[in-house]
Amino acid sequence: MLQQTPVARVEPVWRAWLTRWPAPADLAGARPAEVLRAWDRLGYPRRALRLQECAQVITAEHDGVVPDTEAGLLALPGIGRYTAAAVAAFAYGRSAVVLDTNVRRVLARALDGRALPPPTLGRAERERAASHLPADPATSVRWNVGLMELGALVCTARSPRCTQCPLREQCAWLRAGRPADEHAARRRTQAWHGTDRQVRGRIMAHLRAHPPEEWAATAELLAAGADGADPGALPDPGQPTRALASLVADGLVSAGTGVQAGWYRLP
DNA sequence: AACCCGGGGGC
DNA sequence: GCCCCAGGGTT
């Protein structure tokens with residue numbers, strides 16, 4: 001849930017989620033439609049399906065116990081380098097480099113004197129971070145937590161609170177006068193209005209509003225933007241159909257067959 | 001390496 | 001309005 005989503009927005013959904021599905025086996029047996037509805041508006045709904053797949057693999061192949069090694073975690077669906085390291089370190093106390101956006105930024109500033117880390121995370125950056133990880137596992141966990149929290153609360157991307165920073169005396173970026181981001185030109189903020197992502201989001205919101213067993217919408221309605229808009233007025237009339245097809249391909253939407261052909265609902 | 005994938009809140 | 005957020009998977 002925390003992948004690309006702020007903690008404050010995750011917390012209430014997470015609490016309700018664990019009340020409803022306390023263990024992997026509970027989530028594994030849920031209906032995907034209910035999982036997607038419980039995910040609500042956290043965004044990137046494919047994460048919800050992968051989390052359930054993850055629970056199913058853990059239930060079927062790991063006796064219901066979350067793997068306790070980075071390699072074991074990394075093999076699970078929806079678990080990448082970051083999440084594998086975070087769970088290994090924070091849940092199991094193992095030594096791992098938890099390189100999230102916050103830690104990358106703190107290291108880029110403190111060690112390299114740069115405003116922000118490079119757009120893509122490469123091997124060199126990972127290995128350099130690993131070289132700074134304390135050898136003792138318990139200490140390494142504190143190192144990860146400390147840098148992550150520092151990045152989230154003090155060394156923030158937009159308005160860092162340098163006067164309150166415990167690293168202010170040793171920060172290369174602050175010492176250099178907080179120079180601007182040299183990669184600014186290459187960072188392209190993702191468009192939103194009028195994109196397929198926005199249309200996909202609207203379709204999912206529409207389907208979430210209906211009971212899971214109900215065939216909730218026709219292709220025609222969804223082609224109208226799931227809210228009754230005039231398709232002819234859209235800049236790209238083919239976009240809703242394309243977005244719907246991509247949702248079906250992703251397993252986020254179920255397409256009816258037979259007498260239900262042309263109707264859609266959550267899977 | 002580049003691209004795709006949501007949605008909300010801070011400023 | 002723009003920017004950012006405890007990234008992952010595919011091409």
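Basis for what follows: all heavy atoms, side chains included, without hydrogens, waters or symmetry-related copies. Throughout, a chain's letter reflects where its sequence line sits, starting with A, and its residues are numbered from 1.
- Between the side chains of T163(A) and R168(A), no donor N or O sits under 3.5 Å from an acceptor N or O.
- Using a 4.0 Å heavy-atom distance criterion, P119(A) is classed as making no nucleic acid contact.
- Summarising the geometry, the separation between CG on L49(A) and P on dT10(C) is reported as 13 Å, rounded to the nearest angstrom.
- The interatomic distance linking R46(A) (CZ) with dT10(C) (P) rounds to 9 Å, in whole Å.
- Between R114(A) and D181(A) there is no salt bridge, since none of the side-chain N atoms of the basic residue sits less than 4.0 Å from a carboxylate O of the acidic one.
- Helical stems in DNA chain B, defined as runs of 3 or more consecutive Watson-Crick or G-U wobble pairs with both donor-acceptor distances under 3.5 Å, are listed by first residue as B:1-5 with C:7-11, B:7-11 with C:1-5.
- The neighbour count for R187(A) CZ, taken as heavy atoms of other residues, nucleotides or ligands under 6.0 Å away, is above 12.
- Among the protein residues, R197(A) comes within range of the nucleic acid bases, having at least one heavy atom under 4.0 Å from a base atom.
- Put simply, chain A comes within 4.0 Å of DNA chain B, heavy atom to any atom, from dA2(B) to dG10(B), going 5' to 3'.
- Between Q52(A) atom CD and dG8(C) atom P there is a gap of 19 Å when expressed in whole angstrom units.
- Remark: T156(A) is not in phosphate contact with dC4(C), judged by side-chain N or O atoms under 4.0 Å from OP1 or OP2.
- For dT10(C) and dG6(B), the P atoms lie 15 Å apart once the distance is rounded to whole Å.
- Here dG9(C) presents its P atom at 14 Å from OH of Y82(A), a figure rounded to the nearest Å.
- One interatomic measurement links the two molecules: CG of L153(A) to P of dC5(C), which rounds to 13 Å at whole-angstrom precision.
- A157(A) comes within 4.0 angstrom of the backbone, heavy atoms only, and of no base.
- The side chain to side chain donor-acceptor pair (under 3.5 Å) analysis of residues 20-35 of chain A, with sequence neighbours excluded, yields the pairs R20(A)-E34(A).
- Remark: R109(A) pairs with no residue by the side chain to side chain donor-acceptor pair (under 3.5 Å) rule, at least two apart or across chains.
- Across all strands, L42(A) comes closer than 4.0 Å to base atoms (heavy-atom distances).
- Across dG9(C), dG8(C), dC5(C), the shortest atom-to-atom separation from the side chain of R50(A) is found for dG9(C).
- The number of heavy-atom neighbours closer than 6.0 Å to CZ of R81(A), taken from other residues, nucleotides and ligands shown, is 12 or below.
- Counted by atom type alone, R50(A) and Y44(A) present zero donor-acceptor pairs between their side chains at under 3.5 Å.
- Atoms CE and OG1, from M1(A) and T83(A) in turn, are 12.5 Å apart once rounded to the nearest 0.5 Å.
- Within residues 65-74 of chain A, no residue approaches DNA chain C, by heavy-atom distance under 4.0 Å.
- Atom CD of Q3(A) and atom P of dG7(C) are 8 Å apart (whole Å).
- Residues R47(A) and T5(A) have side chains that bring a donor and an acceptor to within less than 3.5 angstrom of each other.
- Using a 4.0 Å cut-off between charged side-chain N and carboxylate O, E125(A) and R104(A) make a salt bridge.
- Under a 4.0 Å N-O distance rule, the pair R265(A)/E214(A) does not qualify as a salt bridge.
- Near DNA chain C, defined here as any heavy-atom distance below 4.0 Å, the residues from residues 90-109 of chain A are D100(A), T101(A), N102(A), R105(A), listed numerically.
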